[in-house]
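Keep in mind that what you see is a predicted model, and the values were worked out from it rather than measured.
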Amino acid sequence: MGKITYGMLISADGYYEDANGEIGFSAPDEQAHRLANEHARDASVFLFGRKLFEAMEKPWTEAAANQANLPEVEAEFAREYVATPRVVFSDTLTDVPDGVRLVRRADARAEVERLKRETDGELSLGGGALAASIVDLIDEFCPFVVPTMVGGGKKYFPEGVSIPLRLTEHRVFDSGTVFLRYARVIE
C-alpha cells in the first residue's frame, strides 16, 4: 500500500500562492532543492492538480531536454520529474503529454484510493485544491516553509479541517527555509 505525501513550498504565513496567484516567492534555495530532488526520486507517482501541473510540466520537461544549460541540482530534478509517472486531475484539460495520465476531478477520490491500494511507495501530491478535496487520504504533510510572508492567497492547509499531526522530521536550511514532515496521527 502506498503512502500519500502532500508537499509544497509555502510562505511563513501558510500560503502556497500569493493574492495575485504568483508563486515566485517560493523558489527553493539549493539545499531545499536537493531535498526536493530526494523526494522526487522516492516518488512512485506524482499526483497534480491542474494549476500545479501546468506550472511544472512544460518547464521541467524542457529542462530535461536541455540539461546541459542547467545547474546540476535543477538538471537532477528534471531527470527525476520526467522519469516519474504523473497523474493530473482536471476537468478543463483535454489532452496531456506522453507519460501523463488525465483523470477528471469527479473521479479523483476513487482514483487516489485505487492508486494508494495498488502502488508501493510514495504518492507525491501537489496542488492545494486537489489536496483539500482528499485531505482525509493524506498520510504526511511536508511543507517547505520559505522565510517570507505574503499576507494572503491560497492556503496550504484547507480551512475548517482539524487533523492531529505528529512532527517526524524537520530541517533548517542556510537560507532560513524550513522543511517539516508531519505524519497524520491515527486515533
Do Arg104 and Ser90 get their side chains close enough for a donor-acceptor pair, meaning under 3.5 Å? no
Find out whether Gln31 and Asp174 are in side-chain contact, i.e. whether some heavy atom of one side chain is under 4.5 Å from a heavy atom of the other. yes
For Met8 and Gly128 the tightest heavy-atom approach is SD-N, 4.0 Å
Main-chain N/O of Glu22 paired with Asp18 side-chain donor or acceptor, under 3.5 Å: yes
Tell me the closest heavy-atom pair linking Leu167 and His170, and the distance in Å. CD2-ND1, 4.2 Å
Scanning both residues in full, the closest heavy-atom pair of Lys155 with Asp13 reads NZ-O, 4.0 Å
With the side chain counted from C-beta on, respond yes when Thr92 and Arg50 share a heavy-atom pair under 4.5 Å apart, and no when they do not. yes
Residue of the set Leu125, Val135, Val88 for which side-chain contact (heavy atoms from CB on, under 4.5 Å) holds with Leu130: Leu125
Is there side-chain contact between Leu180 and Val145, with heavy atoms separated by less than 4.5 Å? yes
Just wondering, do Glu17 and Lys51 contact through their side chains at under 4.5 Å, heavy atoms? yes
Side chains of Leu35 and Phe144: does their closest heavy-atom pair fall under 4.5 Å? yes
Measure from the side-chain N and O atoms of Asp139 to the backbone N and O of Thr5, and report whether any donor-acceptor pair falls under 3.5 Å. no
Enter the distance from Arg114:CZ to Arg117:CZ here, rounded to the nearest 0.5 Å. 8.0 Å
Following the transitive rule for hydrophobic clusters with a side-chain heavy-atom cut-off under 4.5 Å over Ile, Leu, Val, Met, Phe, Trp and Tyr, establish whether Val112 and Val103 coincide in one cluster. yes
Indicate yes or no: does Arg184 engage Asp136 in a salt bridge with an N to O separation below 4.0 Å. no
Please enumerate all residues that pass side chain to side chain donor-acceptor pair (under 3.5 Å) together with Glu76, with sequence neighbours excluded. Asn37, Arg41
Common cluster, Val178/Met149, ILVMFWY with side-chain heavy-atom separation under 4.5 Å: no
Residues 56-67 vs side chain to side chain donor-acceptor pair (under 3.5 Å), sequence neighbours excluded, gives Glu57-Tyr81, Glu57-Arg86, Gln67-Arg79
State, without any angle test, whether Glu122 and Ser44 hold a side-chain donor-acceptor pair at a distance under 3.5 Å. no
Do the side chains of Arg101 and Val96 get nearer than 4.5 Å, heavy atoms only? no
Derivation and outcome, side chain to side chain contact (heavy atoms under 4.5 Å, CB included), residues Tyr15 and Tyr156: CA-CA 5 Å; Tyr15 298 95; Tyr156 174 79; over 6 Å; no
Donor-acceptor contact below 3.5 Å, side chain Lys116 vs main chain Leu137: yes
Is Val100 linked to Val82 within one hydrophobic cluster, defined over Ile, Leu, Val, Met, Phe, Trp and Tyr using a side-chain heavy-atom separation of less than 4.5 Å? yes
Spell out, yes or no, whether Phe48 and Leu9 are grouped together once hydrophobic residues are joined by side-chain heavy atoms under 4.5 Å, including indirect joins. no
With rounding to the nearest 0.5 Å, note down the distance linking CG in Leu102 to OG1 in Thr94. 8.0 Å
Can you list everything that forms a salt bridge (charged side-chain N to carboxylate O under 4.0 Å, His left out) with Asp98? Sequence neighbours excluded, please. none
Note: Pro158 and Ala132 closest approach over all heavy atoms is CB-CB, 3.8 Å
Steps toward side chain to side chain contact (heavy atoms under 4.5 Å, CB included) verdict (Phe53, Leu93): CA-CA 11 Å; Phe53 171 76; Leu93 292 175; 4.0 Å; yes
Of all heavy-atom pairs linking Phe77 and His33, the shortest is CB-CE1, 3.6 Å
Within the structure provided, determine whether Val45 and Ser124 are in side-chain contact (heavy-atom separation under 4.5 Å). no
According to a 4.5 Å side-chain heavy-atom criterion applied to Ile, Leu, Val, Met, Phe, Trp and Tyr, with indirect links allowed, do Val172 and Phe179 form part of one hydrophobic cluster? no
With a cutoff of under 4.5 Å between side-chain heavy atoms, which Ile, Leu, Val, Met, Phe, Trp and Tyr residues group with Met1? none
Steps toward side chain to side chain contact (heavy atoms under 4.5 Å, CB included) verdict (Cys142, Tyr6): CA-CA 6 Å; Cys142 304; Tyr6 170 41; over 6 Å; no
Residues in ring pair (Phe, Tyr, Trp, His ring centres under 6.0 Å) with Phe157, at least two apart? Phe141
So, for Leu52 and Gly127, which heavy atoms are closest and what is the spacing to 0.1 Å? CD2-N, 3.6 Å
Check the pair Arg109 / Glu113 against salt bridge (Lys or Arg N to Asp or Glu O under 4.0 Å), numbers first and verdict last. CA-CA 6 Å; Arg109 173 168 291 281; Glu113 287 173 337; 3.7 Å; yes
Checking Arg181 now: which residues fulfil side chain to side chain donor-acceptor pair (under 3.5 Å) with it, not counting sequence neighbours? His39, Glu140, Glu169
Count the heavy atoms of every other residue, nucleotide or ligand shown that sit under 6.0 Å from CD1 of Ile23, and state whether that count exceeds 12. no
For the residue pair Phe89 and Leu47, establish whether any side-chain heavy-atom pair is separated by less than 4.5 Å. yes
Inter-residue atom distance Ile4.CD1 - Leu123.CG, 0.5 Å rounding: 5.5 Å
For the NZ atom of Lys3 and the CG atom of Asp42, what is their distance to the nearest 0.5 Å? 8.5 Å
Got a salt bridge between Glu30 and Arg34, using NZ or NE/NH1/NH2 to carboxylate O under 4.0 Å? yes
Could you walk me through whether Ser133 and Arg105 satisfy the side chain to side chain contact (heavy atoms under 4.5 Å, CB included) test, starting with their C-alpha distance in whole Å, then the side-chain angles of each, then the deciding distance to 0.1 Å, before giving a yes or no? CA-CA 9 Å; Ser133 73; Arg105 289 293 302 251; 3.7 Å; yes
